[in-house]
Novice: 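This is the structure I want to talk about, given as structure tokens.
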Amino acid sequence: MGQAAVVIGAGITGTLVAHTLAQQGWRVVVLEAEHVGAGSSSRTAAGIRQQFSTPETVLGMRYSVDVYRNFPERVGGAEVPIVQNGYLFLLGTAEEKEAAQARVRLQHRCGLVEAELLEGRALTDRFPWVEGHAVLAATWCPSDGFLHPATVYNEAALAAQRLGVELIQRARVIGVERSGARIDAVVSTRGRHPADLVIDATNAWSPRLARVLGGVELPIAALKRCLWFAERAGSLSEAELLAMPLTVAPSGAYMRPENGNSLLMGWSRPIEAEPEFSYDDQDRVPPEYFHKTGTDSIAYETWAALAEVVPAVGEFAGITATTAGYYGTTPDHNPYLGYDPQVPNLIRLAGFSGHGAMFGPFTALVAGQLAAAGRDVPTVPALGHDVPVATFQLGRDPVVPESQVI
Ligand SMILES: Cc1cc2nc3c(=O)[nH]c(=O)nc-3n(C[C@H](O)[C@H](O)[C@H](O)COP(=O)(O)OP(=O)(O)OC[C@H]3O[C@@H](n4cnc5c(N)ncnc54)[C@H](O)[C@@H]3O)c2cc1C
């Protein structure tokens with residue numbers, strides 16, 4: 001019998017990590033306060049891009065794309081959960097273009113050879129719905145896209161269970177038993193769970209869980225984020241909408257197809273953190289964000305910002321729904337993937353800053369390497385590279401923030 005690992009949280013992170021640890025021979029129990037997918041994982045835009053600005057994240061997300069493309073063989077289920085429509089970052093100024101050019105050069109050095117800068121006719125011939133006068137250039141990566149998140153966490157949970165993982169839902173972690181600094185057992189509302197290793201996969205809840213586990217209270221802010229759905233009408237055909245990449249306007253507003261008749265839109269705006277949010281608060285939409293509040297709501301501002309660069313979207317019939325959830329955001333927008341400095345057998349995987357769905361497979365890879373080593377590791381092997389992971393360790397100095405939060 002392998003050693004016992006207790007994973008706390010059953011979103012994309014917890015389910016994929018449980019699967020990886022079970023493959024490595026750990027005896028795994030997953031404790032989930034509500035049900036599988038109850039947190040941000042079911043409220044996400046689920047974009048996945050490799051167009052990042054640090055080598056570790058470009059390589060890490062290349063690894064994630066590879067796993068998601070081969071999900072039935074690598075994890076389970078029949079469905080490939082990634083839709084590779086690409087990611088199109090539209091750029092409005094010469095400074096943005098210059099920074100984007102430098103990012104594309106770095107991405108090429110990391111093997112993301114399909115990323116490219118497009119301008120002029122090369123952009124509007126490829127994407128005729130882009131308003132050429134409103135945009136200076138764009139970066140484009142056809143292998144980026146978005147995920148079906150429910151497929152990821154449901155199939156990962158089932159695959160983990162097939163490997164013997166015990167998944168306990170309605171099991172809120174409320175305490176621990178310890179010897180010295182180490183945790184011996186995790187206590188949930190469903191009982192006592194002996195643990196050689198404990199994994200915090202609660203993301204936006206992580207600072208609160210740290211108080212229960214005796215870990216460091218990491219600077220992870222729970223920030224409310226909304227998504228809106230607009231009904232297709234006018235000149236953009238169903239086929240054109242279905243083929244649309246995840247498109248980011250220079251303002252930061254973004255969109256992607258939800259299906260052939262519905263466009264998902266989002267825009268991360270400055271907002272107060274809610275450190276003590278409740279489970280139900282996840283679905284509470286602040287009035288200024290709600291589409292039914294009126295045309296001066298942020299919902300309509302987002303729609304207008306997108307219509308400026310893609311006029312056909314301005315012809316849509318209207319906004320039909322608003323949904324909400326929380327980002328667990330860190331000061332530098334990089335997640336924490338490492339051992340807690342105060343609890344030697346606790347791994348923290350949290351603070352994904354709006355990137356946890358795409359990070360999922362890479363997070364599971366890092367967690368497996370950490371679990372095997374019993375301590376933080378300098379690199380993890382992915383796609384023939386030794387990917388440096390110090391950027392993600394808990395004691396890091398904040399690094400240069402990622403330029404694009406989406
Ligand atoms: C509007 C929006 C848009 C987003 N867009 C993107 C995007 O485009 N791309 C992307 O990659 N990411 C995106 N994200 C972020 C992404 O959804 C999250 O980073 C990701 O889902 C985090 O997954 P997780 O498994 O780490 O956490 P979660 O899915 O939040 O799961 C944490 C789980 O922990 C459980 N839990 C909490 N406390 C306890 C406890 N005490 N005991 C037991 N269980 C507990 C919760 O019930 C929950 O199920 C978006 C998020 C939002 C809200």
Side-chain angles (χ1 to χ4, degrees), residues 10-23 36-37 39-52 57-88 107 110-115 140-163 165 167 201 227 229 238-247 254-264 266 352 354-368 382-384 406:
I12 287 174
T13 305
T15 54
L16 285 171
V17 168
H19 176 256
T20 294
L21 293 183
Q23 282 180 318
V36 174
S40 311
S41 294
S42 57
R43 297 171 163 78
T44 174
I48 174 163
R49 63 173 161 109
Q50 305 144 100
Q51 293 184 69
F52 273 88
T57 312
V58 177
L59 289 165
M61 295 311 99
R62 282 189 59 215
Y63 175 83
S64 280
V65 166
D66 190 54
V67 173
Y68 280 134
R69 280 169 58 122
N70 298 292
F71 199 79
E73 305 86 67
R74 301 282 283 270
V75 181
E79 196 194 328
V80 172
I82 183 170
V83 181
Q84 289 182 289
N85 276 15
Y87 244 73
L88 184 69
Q107 289 155 7
C110 295
L112 189 68
V113 291
E114 61 270 38
W140 161 241
C141 178
S143 53
D144 291 345
F146 52 90
L147 300 162
H148 294 304
T151 303
V152 176
Y153 53 73
N154 286 325
E155 292 298 347
L158 288 169
Q161 287 172 291
R162 283 194 294 274
L163 293 178
V165 170
L167 167 66
L227 299 174
F229 296 84
E238 183 176 346
E240 282 173 316
L241 177 54
L242 275 175
M244 182 185 274
L246 196 152
T247 304
Y254 65 94
M255 61 185 162
R256 67 151 171 90
E258 177 67 2
N259 57 50
N261 285 306
S262 182
L263 179 77
L264 176 157
F352 289 103
H355 302 141
M358 61 180 99
F359 259 75
F362 182 62
T363 302
L365 173 75
V366 175
L383 305 171
I406 277 311

Novice: Assign the ring pair His355 / Phe359 to parallel, tilted or perpendicular, where the plane angle (0 to 90°) is split at 30° and 60°.
Specialist: parallel
Novice: Under the side chain to side chain contact (heavy atoms under 4.5 Å, CB included) criterion, do Val165 and His19 qualify, and how do the steps go?
Specialist: CA-CA 8 Å; Val165 170; His19 176 256; over 6 Å; no
Novice: So Arg49 and Met61, side chain to side chain contact (heavy atoms under 4.5 Å, CB included) or not? Walk me through it.
Specialist: CA-CA 7 Å; Arg49 63 173 161 109; Met61 295 311 99; over 6 Å; no
Novice: Gly356 and Ile12: which non-hydrogen atoms are nearest, and at how many Å?
Specialist: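 Taking every non-hydrogen atom into account, O-CG2, 4.1 Å.
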Novice: Distance check, rounded to the nearest 0.5 Å: Leu16 atom CG versus Thr363 atom OG1?
Specialist: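 One gets 8.5 Å once the value is rounded to the nearest 0.5 Å.
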Novice: Less than 4.5 Å apart, side chain to side chain, heavy atoms only: is that true for Pro361 and Phe71?
Specialist: no
Novice: For Ala10, which residues count as a side chain to side chain contact (heavy atoms under 4.5 Å, CB included) partner, sequence neighbours excluded?
Specialist: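 Listed in chain order: Thr15, Val30, Glu32, Val36, Leu167.
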Novice: Is there a donor-acceptor contact under 3.5 Å from the side chain of Thr13 to the main chain of Ala201?
Specialist: no
Novice: Rounded to the nearest 0.5 Å, what separates atom CZ in Arg62 from atom SG in Cys141?
Specialist: 10.0 Å
Novice: List in chain and number order the residues that pass salt bridge (Lys or Arg N to Asp or Glu O under 4.0 Å) with Arg74, two or more places apart in sequence or in another chain; answer none if no residue qualifies.
Specialist: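 Asp66.
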Novice: Would you name the heavy atoms of Leu227 and Ala45 that are closest together and state the gap between them?
Specialist: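 Scanning both residues, the minimum pair turns out to be CD1-N, 3.8 Å.
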Novice: Do any N or O atoms from the side chain of Gln84 and from the backbone of Pro142 form a donor-acceptor pair under 3.5 angstrom?
Specialist: no
Novice: Who are the side-chain hydrogen bond (donor to acceptor under 3.5 Å, both in side chains) partners of Asn261, not counting sequence neighbours?
Specialist: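 Asn261 satisfies side-chain hydrogen bond (donor to acceptor under 3.5 Å, both in side chains) with Arg232 only.
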Novice: Please tabulate, one pair per line, all N/O donor-acceptor pairs under 3.5 Å involving side-chain atoms of residues 76-83, not counting sequence neighbours.
Specialist:
unit_1, atom_1, unit_2, atom_2, d
Glu79, OE1, Thr151, OG1, 3.1

Novice: For a quick test of reading the model, state the closest non-hydrogen atom pair linking Val75 to Ala156 and the distance between them.
Specialist: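 What the structure gives for the nearest pair is CG1-CA, 3.8 Å.
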Novice: Check Thr44 against Ala357 and note the closest heavy-atom contact, atom names and distance.
Specialist: OG1-CB, 4.3 Å
Novice: Closer than 3.5 angstrom, by distance alone: can the side chain of Asn259 be matched with the main-chain N or O of Ser262 as a donor-acceptor pair?
Specialist: yes
Novice: Between Tyr254 and Leu264, is the side chain to side chain contact (heavy atoms under 4.5 Å, CB included) condition met? List the steps.
Specialist: CA-CA 8 Å; Tyr254 65 94; Leu264 176 157; 4.3 Å; yes
Novice: With rounding to the nearest 0.5 angstrom, report the OH to CG distance, Tyr63 to Leu365.
Specialist: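 Going from the OH atom of Tyr63 to the CG atom of Leu365 covers 4.5 Å.
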Novice: Of all residues at least two apart in sequence or in a different chain, which pass the side chain to side chain contact (heavy atoms under 4.5 Å, CB included) check with Ala243?
Specialist: none
Novice: Which residues pass the salt bridge (Lys or Arg N to Asp or Glu O under 4.0 Å) test with Arg43, sequence neighbours left out?
Specialist: Asp283
Novice: How would you list, by chain and number, every residue that makes a salt bridge (Lys or Arg N to Asp or Glu O under 4.0 Å) with Glu258, sequence neighbours excluded?
Specialist: Arg256
Novice: Using the test side-chain hydrogen bond (donor to acceptor under 3.5 Å, both in side chains), find all partners of Gln50 that sit at least two apart in sequence or belong to another chain.
Specialist: Ser143, Asp144
Novice: So, does Asn85 use its side chain to make a donor-acceptor pair with the main chain of Leu246 at under 3.5 Å?
Specialist: no
Novice: Among residues at least two apart in sequence or on other chains, which ones pass side chain to side chain contact (heavy atoms under 4.5 Å, CB included) with Thr247?
Specialist: Leu88, Leu90, Trp129, Met244, Pro245, Met255
Novice: Just to verify, what does Leu158 make a side chain to side chain contact (heavy atoms under 4.5 Å, CB included) with, not counting sequence neighbours?
Specialist: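 Applying side chain to side chain contact (heavy atoms under 4.5 Å, CB included) to Leu158 gives Glu155, Gln161, Arg162.
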Novice: On a heavy-atom basis, which atom in Met358 and which in Tyr87 lie closest, and how many Å separate them?
Specialist: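 Met358 and Tyr87 have their closest heavy atoms at CE-OH, 4.3 Å.
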Novice: What is the minimum heavy-atom distance between Phe362 and Ser64, and which atoms define it?
Specialist: N-OG, 3.3 Å
